Amino acid sequence: MRPGTPHCRSAGRATWRALPRAATFPTRGVTPGDVEARHPYTITRDLLGEETDGGSASQDLARWMQARSLAGRGLNRSSLRSAEDRLAATTARHAETWQARGRIEAIPALEELSATLIAEFCLGPETGQVPARLGRLQDALLPAAVPLPARWPSLRRRRLHRVGRELAGEVSRLIHRRRGTRQDGSPAVVADLLSSACDEGAIHHDGATSIIVSILFAAHETTAAVLAWLFLLLDQHPQVHRQVLAEVDRELAGRLPTAADLPRLAVTEAVVKETLRLYPPLWLLERTVDQHTQLAGHPLRPGQRVAVSPFVLHRDARHYDQPTAFRPDRRIDRSAADPLPKYAFMPFGGGPRNCLGAHFGTVAMVRATATVAGRYRLSRTAGTTPAFSTRTILQPDGLTLDVADRPPGRGSDAHKLPTGPGPRW
């Protein structure tokens, strides 16, 4: 899930050249302890660059915090438990189609999966055209790969608003439909909890729609990128892959993972979190200074923009031994008496604007990994070379995966996870 609300996406696309007024400091001068989220740093734009009721982090802090509280109703652990069985079953259906095709382009296939997962989580089993329209909105937001004629940006903005309205309209329709068709006692989804908030007068229907659109957009692309990196890393580290298979075989014995299995999938969770450390999808976070303050002794003025890179922070040798190595064991072996500094690991952001869906994102990726790895072997297609892309988020552009049934024999040679470098190509 993206840190904060989805308007952070524009910051996620930014490059250093896009920060002409950014405050920059020597890396060694700022520690995770300095990066405390404080009121001088604000977010002022929403997904479409405008204020939208309930879904945007406006300058009205009280209103924004109310929106976060309402969104949190649908992203709490109890509502997640009600959706977890659908997560695994949906993943299994998608993986079956991958195996039938034999080969997939990783990012499009995983984005389709993650869009369906988050749509079902928010709206229930009936998702209508939401996954497809979510994909069209993402395409409309892609930055141009080459310079465009002067009139094209206005055309792009019109398209962006059109597809955004189409997605919001479909979400609104499904919320209304679910209100009229949901059976008593059926598991609640995000839409149900926000509908209850509407009934209480805490928010109106357009606000509930905006919150769900925000959650949908924030979750699906980042989840897909992390899973793409994860399957590439497992392919390049066969001993770690065998460790995951041994755990999946031992704990699941061929069935789909349930909520009760998650505490026992420690290796799989460690692989997910180590992937997030090495390849955080939102590699650059940006905040605008709202009032005079200091960061690590550096004065900051209102209007300046401050950027922090989780990609760089997660590879700091002060906090991680062999920081560029893929070592899931560091998650298992680290003593509770020796915790990381608070902001040494922040793939979901931090402070009051951290991602509300961090728990959902982690659980969804653990469930997807266990489901896919238990049934299929995903390997990078021979002769292909994925590119390290930051055009939108951090992802392996051009990654193609061969998908086949798992070979005979189980990955039972479980021993201590080895160390090794990250992907090289």
Side-chain angles (χ1 to χ4, degrees), residues 1-8 43-48 50-84 86-87 115 117-128 130 133-134 137 164-220 348-349 351-361 363-364:
M1 303 282 282
R2 294 186 191 281
T5 46
H7 46 270
C8 294
I43 308 174
T44 57
R45 290 185 300 165
D46 73 349
L47 174 61
L48 301 179
E50 300 176 336
E51 290 190 0
T52 53
D53 175 55
S56 66
S58 69
Q59 293 180 356
D60 181 349
L61 182 61
R63 177 176 160 211
W64 176 72
M65 291 302 292
Q66 180 192 34
R68 279 181 63 88
S69 176
L70 291 167
R73 291 189 182 191
L75 291 169
N76 58 38
R77 293 174 187 246
S78 60
S79 62
L80 177 58
R81 284 193 296 271
S82 71
E84 282 185 331
R86 290 196 300 271
L87 287 176
L117 290 176
I118 192 64
E120 290 183 352
F121 178 62
C122 288
L123 298 163
E126 184 182 347
T127 59
V130 166
R133 292 185 179 181
L134 186 58
L137 177 59
R165 288 192 300 270
E166 290 173 352
L167 174 60
E170 181 70 351
V171 169
S172 176
R173 181 186 73 82
L174 291 170
I175 293 173
H176 277 302
R177 178 176 175 81
R178 185 167 176 87
R179 284 178 69 100
T181 60
R182 183 190 174 198
Q183 298 179 352
D184 292 340
S186 62
V189 297
V190 175
D192 301 325
L193 299 168
L194 292 178
S195 292
S196 296
C198 291
D199 295 339
E200 297 165 7
I203 196 171
H204 56 69
H205 178 78
D206 289 346
T209 298
S210 180
I211 287 173
I212 290 182
V213 169
S214 297
I215 294 170
L216 288 166
F217 189 80
H220 90 286
F348 300 108
R353 295 182 178 88
N354 70 309
C355 177
L356 284 170
H359 181 67
F360 170 81
V363 168

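Position 1 is the first residue of the sequence; numbering continues from there. Everything numeric in this text was worked out from a predicted model, so none of it was measured.
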*asked:* Return the CD1 to CG distance between I212 and L167, rounded to the nearest 0.5 Å.
replied: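 With rounding to 0.5 Å, CD1 (I212) is 10.5 Å from CG (L167).
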*To the nearest 0.5 Å, how far apart are CD in E200 and CG in L194?*
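So the CD of E200 and the CG of L194 are separated by 10.5 Å.
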_Results of salt bridge (charged side-chain N to carboxylate O under 4.0 Å, His left out) for E126 - residues two or more places apart only_ =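 In terms of salt bridge (charged side-chain N to carboxylate O under 4.0 Å, His left out), with neighbours along the sequence ignored, E126 is linked to R177.
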So, for [X] and [Y], which heavy atoms are closest and what is the spacing to 0.1 Å?
X	Y	result
C122	L216	SG-CD2, 4.5 Å
R133	E166	NH1-O, 3.2 Å
R86	P125	CD-CG, 4.2 Å
F360	I118	CE2-CD1, 3.3 Å

_If the condition is side chain to side chain contact (heavy atoms under 4.5 Å, CB included), which residues does T127 pass it with, not counting sequence neighbours?_
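Checked T127 against side chain to side chain contact (heavy atoms under 4.5 Å, CB included); matches are A119, E120, P131.
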_Partners passing side chain to side chain contact (heavy atoms under 4.5 Å, CB included) against H205 (at least two apart in sequence or in another chain)_ =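 With sequence neighbours excluded, H205 shows a side chain to side chain contact (heavy atoms under 4.5 Å, CB included) to S172, I175, H176, T209, given in chain and number order.
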*So, S195 side chain and A191 main chain: donor-acceptor pair closer than 3.5 Å or not?*
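Indeed, once roles are kept as given, a pair shorter than 3.5 Å links the two residues.
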*Let me see the working for L117 and H220 under side-chain contact (heavy atoms from CB on, under 4.5 Å), right down to the final yes or no.*
CA-CA 8 Å; L117 290 176; H220 90 286; over 6 Å; no
*asked:* Quick one, L123 and V190 - any side-chain contact, counting heavy atoms below 4.5 Å?
replied: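 L123 vs V190: side chains apart.
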*Please tell me if the side chains of I215 and F121 come closer than 4.5 Å, counting only heavy atoms from C-beta onward.*
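They are not in contact (no side-chain heavy atoms under 4.5 Å apart), so the answer is no.
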